[in-house]
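Note sheet for the following structure.
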Amino acid sequence: MITKPKGTQDILPNESEKWQYIEEKIRNIARQFNLHEIRTPTFEVTELFTRGVGETTDIVHKEMYTFLDKGERSITLKPEGTAGVVRAFLENGLFNQTMPQKLYYISPIFRYERPQSGRLREHHQFGVEVFGSASPFMDAEVISMAYSYLKEVGVQAMQLQLNSVGCPKCRPAFNAALKAYFEPYKQELCENCQIRFEKNTLRILDCKIESCKNVIKNAPKITDYLCTECSAHFTALQQILSANDIPYIVNPQLVRGLDYYTKTVFEFVSTAIGAKGTVLGGGRYDNLVANLGGKSTCAIGFGSGIERLLLLLEAQNRVLPIQKNISIYIAPLEEDAKMLSFQVAKLLREKDFAVEMDVMNRSIKAQFKYANSIKANYVVSIGHDELQSNTLTIKNMQTGKEEQVEQTKLVQYLQAIAKEDA
RNA sequence: GCGGGCGUAGCUCAGUUGGUUAGAGCGCCAGAUUGUGGCUCUGGAGGUCGUGGGUUCGAUUCCCGUCGCUCGCCCCA
């Protein structure tokens, strides 16, 4: 038997209903915040990510699905959402439109990793990217979107962690301070961190290994090294959040895995599921647009894994309110009732009812059993009696009551019922 | 890339201290008198016991390899 590739998932009907529910919430958030959907290709030219995300990041250097196509072009399945959106922003001249440009997407994301709970090789992200505003109010708006999204779908006990990673103006000083600090402890750091020390000192702060944590504890804090501009921005953001009842904690160790971030970075972490607790992460990336060849444009965004969100909701025993519309099952009781059954089904569908009729040649009993199993609200049965008298028998499956209705008045009858139910 | 656990029906799992026709529950299909569901009862379909090799008179059971799944580390959503 052929099985699905490692780290992928089939989303079966039962599950896809939950996805639709989440997507509905996303579209509603988009409406409230005036976000517009953008859809970019599932694969891009590899260079977009090496230049955009950063060559030294794990995502780029060991987790990308990269291959040569038949024209010898290096192609990569998108390992994150931002780079593609920025590329589209540039390629389609969106920078010439009025600012801000507020975009969102729901997209598959591919990373070659060892799968485990909450981590797949293909997962899906709801992401937001907003271009053109340098205001801390923009940061606050994006965080507020994330906050209400998670709240709306019913996530509990989440914590917003906030930090600023500065900008090219202040980061060199901080980097130097970090290097100076870690230098004497170099031998005590884990193998990985020793490499980080040379290549990307900042990343050491994110190490989860105990021995490193001990050293990190007293490391200089970025917040002490921010330039006036970055510092003012960070303070302003915190004031806005506080004034609007969006709880947060500042985590000076918070470092994100992608190199393009500047100033604000944030994560929503759930305390309910330990290590894989990050449900949503993002930040400001004021230099990415310029780095990819555009004119200098501020931007901020976030990505949120849908599988992980569903997992979290599951862990919190949250049952999603999936509503079912009124459905009608048509039961032809004899062979010669089938044609009329089909016509009735067609008519009702045209009137927007959800209708199903027997196509399995089931016995009468089995038809009712089936109608019950698909949770049909009404069964319309058609047999010899009905054919003779031009009526239909409608059974309410909840009350068990039956009624005879003239064929010409069926639609009216059902519409009246539907109205009552609503 | 590194480490742990597990692979028996569509699903959840039991089982065989190695022995002939491999089990349960759920689900599916059919029946319990005549045109009616949800409960109950009866019957049925469905398994090369992940896969390759070894030990053995005999392996689904023991051993080794392999593949797959799963959980954790790294990293991330």
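In what follows, every heavy atom counts, from backbone to side chain, and hydrogens, waters and symmetry copies are set aside. Just so it is clear: chains get the letters A, B, ... in the order the sequence lines come, proteins before strands, and each one is counted from 1.
- Taking the C1' atom of each, B:C63 and B:U70 are spaced 24 Å apart, rounded to whole Å.
- Between A:Asn14 atom CG and B:G27 atom C1' the separation is 13 Å, expressed in whole Å.
- Dashed line: the shortest gap from a side-chain N or O of A:Gln116 to OP1 or OP2 of B:C73 is under 4.0 Å.
- One P atom belongs to B:U55, the other to B:G43, and the distance between them is 45 Å to the nearest Å.
- At the heavy-atom level, A:Arg362 lies under 4.0 Å from the strands shown only through sugar-phosphate atoms.
- Contacts of A:Glu386 with the nucleic acid, taken as non-hydrogen atoms under 4.0 Å apart, include base atoms.
- Residue-level contact check: A:Leu280 touches the backbone only, with heavy atoms under 4.0 Å from sugar-phosphate atoms and none from bases.
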Exercise. Apply salt bridge (charged side-chain N to carboxylate O under 4.0 Å, His left out) to the pair A:Lys395 and A:Glu403, showing each step before the final yes or no.
Key: CA-CA 6 Å; A:Lys395 178 166 185 172; A:Glu403 273 191 83; over 6 Å; no

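- The distance from atom CG of A:Leu150 to atom C1' of B:A77 is 12 Å, rounded to the nearest whole Å.
- Comparing the same atom, C1', in B:C11 and in B:G18 gives a spacing of 30 Å after rounding to whole Å.
- A:Glu152 meets the salt bridge (Lys or Arg N to Asp or Glu O under 4.0 Å) test with A:Lys25; sequence neighbours excluded.
- A:Leu333 has its CG atom 9 Å from the P atom of B:G35, to the nearest Å.
- For the pair A:Phe266 CZ and B:A77 C1', the interatomic distance rounds to 13 Å; values are reported in whole Å.
- Rounded to the nearest Å, the gap between the P atom of B:A9 and that of B:G46 is 15 Å.
- A:Tyr225 and A:Phe174 have tilted rings, their planes meeting at an angle from 30° to 60° on a 0 to 90° scale.
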Quiz prompt | Criterion side chain to side chain donor-acceptor pair (under 3.5 Å) on A:Tyr104 and A:Glu129, from CA distance to verdict | solution = CA-CA 6 Å; A:Tyr104 81 97; A:Glu129 314 292 349; over 6 Å; no

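- No hydrogens or angles considered: a donor-acceptor pair under 3.5 Å links the side chains of A:Ser389 and A:Thr391.
- Going from atom CG of A:Asp10 over to atom P of B:G10 covers 16 Å, rounded to whole Å.
- Between the P atoms of B:C73 and B:C26, the separation comes to 38 Å (whole Å).
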Exercise. Could you walk me through whether A:His384 and A:Glu386 pass side chain to side chain donor-acceptor pair (under 3.5 Å), step by step?
Key: CA-CA 5 Å; A:His384 284 148; A:Glu386 288 81 0; over 6 Å; no

Check: protein-nucleotides 2-9 of chain B nitrogen or oxygen pairs below 3.5 Å:
from	atom 1	to	atom 2	distance (Å)
B:C2	N4	A:Arg114	NH1	2.5
B:G3	O6	A:Arg114	NH2	3.2

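- With A:Phe302 as the partner, the ring pair (Phe, Tyr, Trp, His ring centres under 6.0 Å) test is satisfied by one option alone out of A:Phe126, A:Phe268, A:Tyr285: A:Phe126.
- Taking only side-chain atoms of A:Leu120, from C-beta outward, the nucleotide of B:G37, B:G35, B:A77 with the closest atom is B:A77.
- Of the two residues near RNA chain B, A:Phe268 and A:Gly400, the one whose nearest nucleotide lies more 5' is A:Gly400.
- Base engagement by A:Ser381 is indicated by at least one non-hydrogen atom pair under 4.0 Å involving a base atom.
- Annotation: B:C41 and B:G25 have their P atoms spaced 10 Å apart (nearest Å).
- Using a cut-off of 4.0 Å between Lys/Arg side-chain N and Asp/Glu carboxylate O, A:Glu113 and A:Arg121 are scored as not salt-bridged.
- One distance of note links CD of A:Glu122 with CD of A:Gln9; it measures 9.5 Å at 0.5 Å rounding.
- Distances from the side chain of A:Ile364 to the nucleotides B:U36, B:G37, B:A77 place B:U36 closest.
- Under a 4.0 Å N-O distance rule, the pair A:Lys18/A:Glu15 qualifies as a salt bridge.
- Among the atoms of the strands shown, base atoms are found under 4.0 Å from some heavy atom of A:Glu113.
- B:A14 and B:A22 are spaced 11 Å apart, taking the C1' atom of each and rounding to whole Å.
- Atom-to-atom, CZ of A:Arg121 to C1' of B:G68 comes out at 12 Å; the value is rounded to the nearest Å.
- A:Tyr378 has its ring centre no less than 6.0 Å from the ring centre of A:Tyr329.
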Self-check item: Criterion side chain to side chain donor-acceptor pair (under 3.5 Å) on A:Lys78 and A:Ser107, from CA distance to verdict
Solution: CA-CA 9 Å; A:Lys78 50 173 141 170; A:Ser107 164; 2.8 Å; yes

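- The separation of B:G50 from B:G38, taken at their C1' atoms, amounts to 39 Å, rounded to a whole angstrom.
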Exercise. State the dot-bracket string of RNA chain B. Criteria: Watson-Crick or G-U wobble, both atom distances under 3.5 angstrom; notation: ( ) intrastrand, [ ] crossing earlier pairs, | interstrand, . unpaired.
Key: (((((((..((((.....[...)))).(((((.......))))).....(((((..]....))))))))))))....

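- Both A:Val255 and A:Pro115 sit near RNA chain B, but only A:Pro115 has its closest nucleotide nearer the 5' end.
- Nucleic acid contact for A:His124: none, since no nucleic acid atom lies under 4.0 Å from a heavy atom of the residue.
- Here A:Glu307 lies out of heavy-atom contact (under 4.0 Å) with every strand.
- Within the structure, a side-chain polar atom (N or O) of A:Lys6 is placed less than 4.0 Å from OP1 or OP2 of B:C69.
- In this structure, A:Asn396 atom CG and B:G37 atom P are separated by 15 Å, rounded to whole Å.
- Remark: ring of A:His384 not stacked against base of B:G35; the cut-offs of centroid gap under 5.5 Å and plane tilt under 30° are not jointly satisfied.
- Taking atom CG of A:Asp58 as the reference point, atom C1' of B:A77 lies 15 Å away to the nearest angstrom.
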